[in-house]
**Student:** 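Handing you this structure, nothing more for now.
Position 1 is the first residue of the sequence, and the numbers go up from there.
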Amino acid sequence: MLEDRLKEYEKVKTGQDLIDLGVIPKTSSSHMALITKKRLESLRDRVLAQVNEEILGAWLPLFKSYDFDMAGDEIVDPEVILRFAEAGMRVRGRKAYGEVNIEGIEGKILKKVADKDDKSQFYFGIEFDSKIHNARNKSLEEAKPGQGYFVNPLDKNTPEAIALLDPDGKIRKSIQAQYRLREAAVADEQLGHKIKLTEDYEDASTKLPKGTVGTMTSFDERKKTITLKTEELVEGMGNRKNFEISLSKDFYKNLEVSSLGQMVPMEREDTVKKQVLLDFFPRTSLPYETAEDIVLGLLLGKDMILFGPPGSGKTNCANDIIYLAQQQLVIPIVEGCKVQCNPFSLFDPAFSKVLSACAQCKLNHDPRFRDTGFFKLQKPDDVKVVIAKYGEGKGIESKEGTADMRRYHLAGSKIPKLDGKTDEKRENEFDPEGYSPGVLPRTNNGILQIDEADEISLPTRKGVLETLNSNIVKPDQLRFSMPAHNLIIYTTNDITKFSPAENDRMIFIPVFYSDDPDVSYSVTRKSFHQEYAEIEDAPIGDTHKEAAFNLREITMPVIVERAVDALYIKFRQDYQGKGKSEIAQSNRSKNDALFAARARLLLDKVFFEKAATIANASYAVQGIQFAMYTRLQENAPQNYSEARQEISDWISSAFSEVLKEEEDTWWCKAYKDVGIAERQIPGMEKNFVAEIKSYEEDESKAERNVLGHFKAVKKAYDNREDRDLQKARFDYPFMDYLFKEQPGFSKVSKDELLDLMWYLLEAREHSSCKIGNNP
C-alpha cells in the first residue's frame, strides 16, 4: 500500500496535480495533530481486537441466593433441592432419568444417601406413587416393589430430572433468605478476592459508601458476616481498614466479587486508553500521565520543552514524535525553494493567508513583488512541484544545543560573494539572492528538534521567540521575512534557565524516571531487548488527503467560557500557592486552556462511546489545569508533583464558585436584554417566556421544539433580506439571543445543540434574576 501511495505522488509535477490527487494543505503542526488523532484511533482498534471479557474481568454476585418466585408449587434448582430436601418431602418427575421415564410421576423421598464411590455425590431414594419401567438396576428396598428408585439431582447427563414439591410455599419461605458464597470465591487474609459494595452500607460503627472495593479476608456463614479490608482509608472511618459487614437484611445482594480474584476488573474503555497511550510512542515507554500530556500537546499543535534528568527518555521521546510525523511519507515543495514552501501558498487564497510563501518563491513567480510588495496568486498549473521524502533535510532537522550557536544559525543570513564581485541582486535588501537559510526556515513545514536547549545562550534563544510568535524569521540583510511554520521540540535538563517569554509560548512537560514497575520494565523491553511494534502495524492511511481538524469548532457553552475568564482573574487576585507566576495567568495560558479543554474532549471521544458532545465545565477545569501546570518551572520531581497538585486542586475548587456566579450573571443579562427589546418591540418578553417553557416540556416535545426553533432562526440569519423569515427571530427571541451570544452557534450539530440547551436551562435554575412575573 505504501508503494502505491508513493507511485501516486511520483506523478505530481504541478500544483494542479496536487489538487487532482485530492491533497488538502496543512501546516506542520496541524498535520502532526491529525497524525496523532489517526494513530490513536488505529491503535484503539488494534487493542480492542485483542481485548476480551476474560482479560478485563467482571464483577459477579458474591453470593448465590435462594430467592424464589413464590408462584407455582415446584422448586427445580438442583442445588437447592440437594441442600434442602429432606425425607418425607414430595417430588415430581420432570423428564426421563437415564432409561427410566419418571416424567409426570410424583413420589416421596425416603432417604438421602451418598454414593459409595464418590462421597461428594448424593442421591435421593424415592418411592414413586406408581410403578416405573426399567428401574431394576437401582431398586429401593424400603419402597414398594417397582416403585423405588435413586435419583441424583446434579446428574450432568440428566439435569433437573425431578422437582421438589412445595404447594403451600412453606419450604421456599423458610429458605428464602439463605445464601451461599459463589464457587471459587476466596476469603483469606493473604489470598482473598476483591469485592465491591454496590450500595451504601451503614451500621452502628461502620459507614461505607457505594463503590467501596477491598479484599474479602473472612466469611462467617454462622454469624452471617464477611470482613472487608480496604487498601485506602475510607473518609470518616479514621485509620480503620478492616470492616465487618453484616449480611442480615439481605445485604448479601449488594456485594460483588471480581472474576479476576485478587485483581480488580478493568473497564474496557479505560483499559484500552491506557494501553494505547503506552503503545503510542513506538520506542519509548512513558508513564500514563506524561504520555497523555504529550499527546494533548500534539493535538494542540504546541511547541514543547521536554525536561527531566539525564537518561529519562527525553530525546527518545522527541525522536518518536519525529518518527510518527514521518508517517506522512512525503512533503510537496515548490521547485527550487530553499525553505520548503508549500505549493498551495502560491495559489490557494485561504492557505496563503495561513502560511505565506517565501520572498524568493514570490519573486520567481511574480517579479513585481521585489519593488511593490504585492504578490499575485498563481494558477496551480504554473507552480512547479517537487515531491520529497519527508525526513532528515526535507522537513526534519535535529540539532545539539551549544553555547556557540548564534542567531544567524537559526534565522540564516545573506552571504556576500567571496570573490569580491557583486551585482544588483546581491546588494538589494529586497532580493534574497545569496540568502542561506538557518535551521528555523529550513524546517518550515516540518519539525525542529534541539537537544540540550538550555546550553544555548539566552540572547540566541530569543531569536526563536520571533518564530514562536509569528511563524516567521527575519534574517539580517533582508527586508522580507522568511516563513518558519514548524513544530519545535526542545529537550533540556534544566528548565529554570528558560525565560518567562519562552515558557509562555512553549509548554513544559516533565519526563522523569517512572516509579511504575510495569512502565519501567516496558522501557527495558523496548530499549534493551529492542522489542517494539513496527509503526506500520497501526496504519493511518494517507493524511495528505484529509483535512486538519479545528479545535475551535468543538462547542463550549458561552457561560463556561466566561467562567474560564473569571477563573484567570480570580487566580491573579487570590492564588498564593505553589506554581504562581505571571505566565500561568497570561492570555496565552487562557487560550491554551480553551484549546486543551477541547483537546481533552477530542481524546475522550476517541476512546469513550458515551463521551460528552460539548466541552462542559469538567473539561474547562482540565483545560485550565493543563495550561497552568505545563508552565511550571520545577526541576525536582517531588517539587513539580506538589506544585501541580496544589494548583490543580485550587482550580477545581475555585472554578465551581466562579461558574455559579457566571451562570447567574449571564441569565440576568439575558433577561435585561429581553426587557430592553420589549420596549422597542412589544411582545418580545412574552415570546421569550413562552419559548423557554416550550423547552421544558416532556423530553420528546422539548427536543422537537429546540430543533425546530433553531432551524427557523438559522434560516432567518441565512436569508437576511427575506422579511417574512425574520419573524422567527421575534417568535423565538432566546434562540436568536444564542445566535448572537454563543460562539459558533450556527454550526453546532444536533447533539451539541441539545446538550447546550439542556445545560443553559439547568444553569437558569441558579439565576437570582427574574423576567416579568416568571422565575
**Student:** So, Glu106 and Arg90, do they make that salt bridge, N to O below 4.0 Å?
**Tutor:** yes
**Student:** Nearest 0.5 Å please: distance from the CG atom of Leu277 over to the CD atom of Glu289.
**Tutor:** 11.5 Å
**Student:** Would you call Glu231 and Lys241 a salt bridge, taking side-chain N to carboxylate O under 4.0 Å as the test?
**Tutor:** no
**Student:** Treating Asn157 as the side-chain partner and Gly98 as the backbone partner, does any N or O pair qualify as donor plus acceptor under 3.5 Å?
**Tutor:** no
**Student:** Roughly how far, to the nearest 0.5 Å, is the CD atom of Gln645 from the OH atom of Tyr640?
**Tutor:** 11.0 Å
**Student:** Where is the tightest heavy-atom contact between Ser514 and Ser520, given as atom of each residue plus distance?
**Tutor:** OG-N, 4.3 Å
**Student:** Short question: side chain of Thr271, backbone of Glu267 - any donor-acceptor pair under 3.5 Å?
**Tutor:** yes
**Student:** With a 3.5 Å cut-off and no angle check, do the side chains of Thr230 and Arg240 form a donor-acceptor pair?
**Tutor:** no
**Student:** Out of Leu82, Val80, Ile81, which one pairs with Leu164 under the side-chain contact (heavy atoms from CB on, under 4.5 Å) rule?
**Tutor:** Ile81
**Student:** Is a donor from one side chain sitting under 3.5 angstrom from an acceptor on the other, for Asn493 and Lys314?
**Tutor:** yes
**Student:** For the residue pair Thr613 and Asp755, confirm or rule out a side-chain donor-acceptor distance under 3.5 Å.
**Tutor:** yes
**Student:** Of all heavy-atom pairs between Ala185 and Leu181, which one has the smallest distance, and what is that distance?
**Tutor:** O-CD2, 3.7 Å
**Student:** Is the closest side-chain donor-acceptor distance between Tyr759 and Asn616 under 3.5 Å?
**Tutor:** no
**Student:** One thing to verify: whether Glu292 and Arg600 come together as a salt bridge, which I'm taking to mean a side-chain N less than 4.0 angstrom from a carboxylate O.
**Tutor:** yes
**Student:** Is the number of heavy atoms from other residues, nucleotides or ligands within 6.0 Å of NZ (Lys95) greater than 12?
**Tutor:** yes
**Student:** Using atom types as modelled and distance alone, determine if a side-chain donor or acceptor of Ser312 lies under 3.5 Å from a backbone N or O of Val511.
**Tutor:** yes
**Student:** Is a donor from one side chain sitting under 3.5 angstrom from an acceptor on the other, for Lys194 and Thr215?
**Tutor:** yes
**Student:** Give a yes or no on whether Lys605 atom NZ has more than 12 heavy-atom contacts from other residues, nucleotides or ligands under 6.0 Å away.
**Tutor:** yes
**Student:** Just to verify, which of Arg44, Lys37, Lys38, Arg39 counts as forming a side chain to side chain donor-acceptor pair (under 3.5 Å) with Glu41?
**Tutor:** Lys37
**Student:** Which value, rounded to the nearest 0.5 Å, describes the distance between Ile195 atom CD1 and Lys229 atom NZ?
**Tutor:** 13.5 Å
**Student:** Between Lys273 and Asp604, is there a salt bridge with N-O shorter than 4.0 Å?
**Tutor:** yes
**Student:** Does the ring center of Phe63 lie less than 6.0 Å from the ring center of Phe219?
**Tutor:** yes
**Student:** Identify the heavy atoms of Met216 and Val186 that sit nearest to each other, and give their distance.
**Tutor:** CE-O, 3.2 Å
**Student:** Between Asn635 and Phe512, which heavy-atom pair has the shortest distance, and what is it?
**Tutor:** O-CE2, 3.5 Å
**Student:** Run the numbers on Asp516 and Tyr288 for side-chain hydrogen bond (donor to acceptor under 3.5 Å, both in side chains), then give the verdict.
**Tutor:** CA-CA 10 Å; Asp516 186 328; Tyr288 172 80; over 6 Å; no
**Student:** Check the side chains of Thr284 and Asn316 for a donor-acceptor pair under 3.5 angstrom, ignoring hydrogens and angles.
**Tutor:** no
**Student:** Hey, what do you get for CG (Asp200) to CG (Asn254), rounding to the nearest 0.5 Å?
**Tutor:** 9.5 Å
**Student:** If you round to the nearest 0.5 Å, how far is SG of Cys317 from CD1 of Ile489?
**Tutor:** 8.0 Å
**Student:** Show your working on side-chain contact (heavy atoms from CB on, under 4.5 Å) between Phe508 and Tyr629 and close with a plain yes or no.
**Tutor:** CA-CA 8 Å; Phe508 286 3; Tyr629 66 61; over 6 Å; no
**Student:** Are Leu298 and Met304 packed together at the side-chain level, in the sense that at least one heavy-atom pair is separated by less than 4.5 angstrom?
**Tutor:** yes
**Student:** What are the two closest heavy atoms between Ala643 and Gly579, and how far apart are they?
**Tutor:** CB-N, 4.5 Å
**Student:** Checking Arg598 side chain against Ile554 main chain: does a donor-acceptor pair fall under 3.5 Å?
**Tutor:** yes
**Student:** Go through it in stages, so that I can follow the logic: the residues are Leu306 and Thr492, the test is side-chain contact (heavy atoms from CB on, under 4.5 Å), and I'd like the CA-CA distance, side-chain angles, deciding distance and then a yes or no.
**Tutor:** CA-CA 6 Å; Leu306 306 178; Thr492 180; over 6 Å; no
**Student:** Check this for me, if you would: do Asp279 and Arg46 make a salt bridge, where the nitrogen-to-carboxylate-oxygen distance has to be below 4.0 angstrom?
**Tutor:** yes
**Student:** Using modelled atom types and a 3.5 Å cut-off, is there a donor and acceptor pairing between side-chain atoms of Tyr619 and backbone atoms of Ala599?
**Tutor:** no
**Student:** Quick check for you: to the nearest 0.5 Å, what is the distance between Leu278 atom CG and Leu43 atom CG?
**Tutor:** 10.5 Å
**Student:** Salt-bridge test for Glu634 and Lys578: reply yes if a basic N is under 4.0 Å from a carboxylate O, no otherwise.
**Tutor:** no
**Student:** Taking Glu269 for its side chain and Glu609 for its backbone only, find out whether a donor-acceptor pair lies under 3.5 Å.
**Tutor:** yes
**Student:** So that I can tick it off, tell me whether Arg644 and Asp293 are bridged by a salt bridge, with the cut-off set at under 4.0 angstrom between side-chain N and carboxylate O.
**Tutor:** yes
**Student:** As a quick check of understanding, evaluate side-chain contact (heavy atoms from CB on, under 4.5 Å) for Gln625 and Ile647, giving each step before the final call.
**Tutor:** CA-CA 7 Å; Gln625 290 170 336; Ile647 203 169; over 6 Å; no
**Student:** Does one side chain, of Ser259 or Glu54, offer a donor that lies under 3.5 Å from an acceptor on the other?
**Tutor:** no
**Student:** For a quick test of reading the model, state the closest non-hydrogen atom pair linking Ile162 to Pro153 and the distance between them.
**Tutor:** CD1-CG, 4.4 Å
**Student:** Under the 3.5 angstrom rule, does the side chain of Ser656 hit a backbone N or O of Ser653 as a donor-acceptor pair?
**Tutor:** yes
**Student:** Does the Thr290 side chain pair with the main chain of Leu286, one donor and one acceptor, at a distance under 3.5 Å?
**Tutor:** no
**Student:** List in chain and number order the residues that pass ring-ring contact (aromatic ring centres under 6.0 Å, His included) with Trp650, two or more places apart in sequence or in another chain; answer none if no residue qualifies.
**Tutor:** Phe571, Tyr575
**Student:** Could you tell me whether Lys111 and Glu142 have a side-chain N and a carboxylate O separated by less than 4.0 Å?
**Tutor:** yes
**Student:** Applying side-chain contact (heavy atoms from CB on, under 4.5 Å), run through Asp188 and Thr217 and close with a yes or a no.
**Tutor:** CA-CA 4 Å; Asp188 184 81; Thr217 58; over 6 Å; no
**Student:** Looking only at atom types and distance, does a side-chain atom of Thr212 sit under 3.5 Å from a main-chain N or O of Leu208, one as donor and one as acceptor?
**Tutor:** no
**Student:** Taking the six-membered ring for Trp and the full ring for Phe, Tyr or His, determine whether the centres of Phe251 and Tyr201 are under 6.0 Å apart.
**Tutor:** yes
**Student:** Just by distance, do the side chain of Arg283 and the backbone of Asp320 share a donor-acceptor pair under 3.5 Å?
**Tutor:** no
